[in-house]
Amino acid sequence: GKQMRNGKVLGEYREDALDPETGTMRWSSQHRDTNNRLIKAIVAHWRHGGRIVVAARGSEEDQKAFKVLGDIGNITDVRLARFLVDDGDMVIQERGSTTHHKAISVACLDPGLRSGIGLVPVKFRKSQFRGRWCIRCCYEPANALMHFKELKAEGIAAYIKKESKEDSTAVKKEEVEPQSVERPAKRLRRKIPRSQIEIKREPVEEGEAEQ
């Protein structure tokens with residue numbers, strides 16, 4: 001899944017990310033957030049008393065309709081982005097380019113790779129390297145485990161309804177209307193497959209103390 005803001009990808013969530021039984025969701029930052037700015041900003045917003053709301057988009061017919069899953073009450077197990085290539089590893093360089101890959105996957109494909117650009121294996125020497133790395137296969141995105149205060153059944157229903165292969169998530173500094181929160185039905189005792197999620201950060205009220 002992906003997060004979007006103003007047409008730009010901000011982050012994503014992993015398969016089976018939402019677990020209604022434990023009330024948690026594993027959220028991943030965008031691939032290009034290699035300096036961890038986005039995930040640190042979200043965590044800092046929460047620590048300073050900011051409200052984080054997660055909503056699900058479940059209908060193919062109405063892509064603009066979001067249903068609130070719930071408010072985030074805690075964030076744990078924060079893992080910063082990690083570079084996956086070690087000094088001395090064999091990597092793949094695009095011929096005629098400075099771009100290098102650890103292991104080319106579908107996510108790496110750009111017009112050049114799709115057109116059949118030449119590839120050459122090279123050994124990575126940190127002290128001599130002057131190229132650039134593919135952010136899709138050379139970095140593990142930053143991620144964190146988000147704990148809901150309570151889950152809203154309407155949001156879970158929208159989450160389950162969405163069975164598309166294409167997913168998206170958003171992080172926005174927008175105000176969200178207060179909504180009642182309900183526990184999910186007891187029958188939801190399994191992790192739910194991918195869907196679309198939106199995370200909204202609300203401004204911190206003036207005078208609130210840091211948590």
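Worth knowing before you read on, the calculation uses all heavy atoms, side chains too, and leaves out hydrogens, waters and symmetry mates. Bear in mind that the values here come from a model prediction, so they are computed numbers and not experimental data.
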Contact summary for [X] and [Y], nearest pair of heavy atoms:
X	Y	value
Arg32	Ile135	CB-CD1, 3.6 Å
Ile39	Leu80	CG2-CD2, 4.3 Å
His100	Val122	CD2-CG2, 3.8 Å
Asn36	Ala81	OD1-N, 2.7 Å
Pro141	Ser29	CB-O, 3.6 Å

For residues 80-91, pull every pair meeting salt bridge (charged side-chain N to carboxylate O under 4.0 Å, His left out), keeping only residues two or more places apart or in separate chains. Arg82-Glu140
Apply salt bridge (charged side-chain N to carboxylate O under 4.0 Å, His left out) to Arg37 and list each qualifying residue two or more places apart in sequence or on a separate chain. none
How are the rings of Trp133 and Phe83 set to each other: parallel, tilted or perpendicular (split at 30° and 60°)? perpendicular
Going by side-chain hydrogen bond (donor to acceptor under 3.5 Å, both in side chains), His101 matches just one of Glu94, Gln93, Arg136. Which one? Glu94
Could you tell me which residues satisfy side-chain hydrogen bond (donor to acceptor under 3.5 Å, both in side chains) with Ser127, sequence neighbours excluded, listed by chain and number? none
Common cluster, Val54/Ile75, ILVMFWY with side-chain heavy-atom separation under 4.5 Å: yes
Measuring from atom CD1 of Ile104 to atom SG of Cys134, what distance do you get when rounded to the nearest 0.5 angstrom? 8.0 Å
Supply the atom-to-atom distance Arg26 CZ to Asp77 CG, rounded to the nearest 0.5 angstrom. 4.5 Å
Are Thr99 and Arg132 linked by a side-chain donor-acceptor pair shorter than 3.5 Å? yes
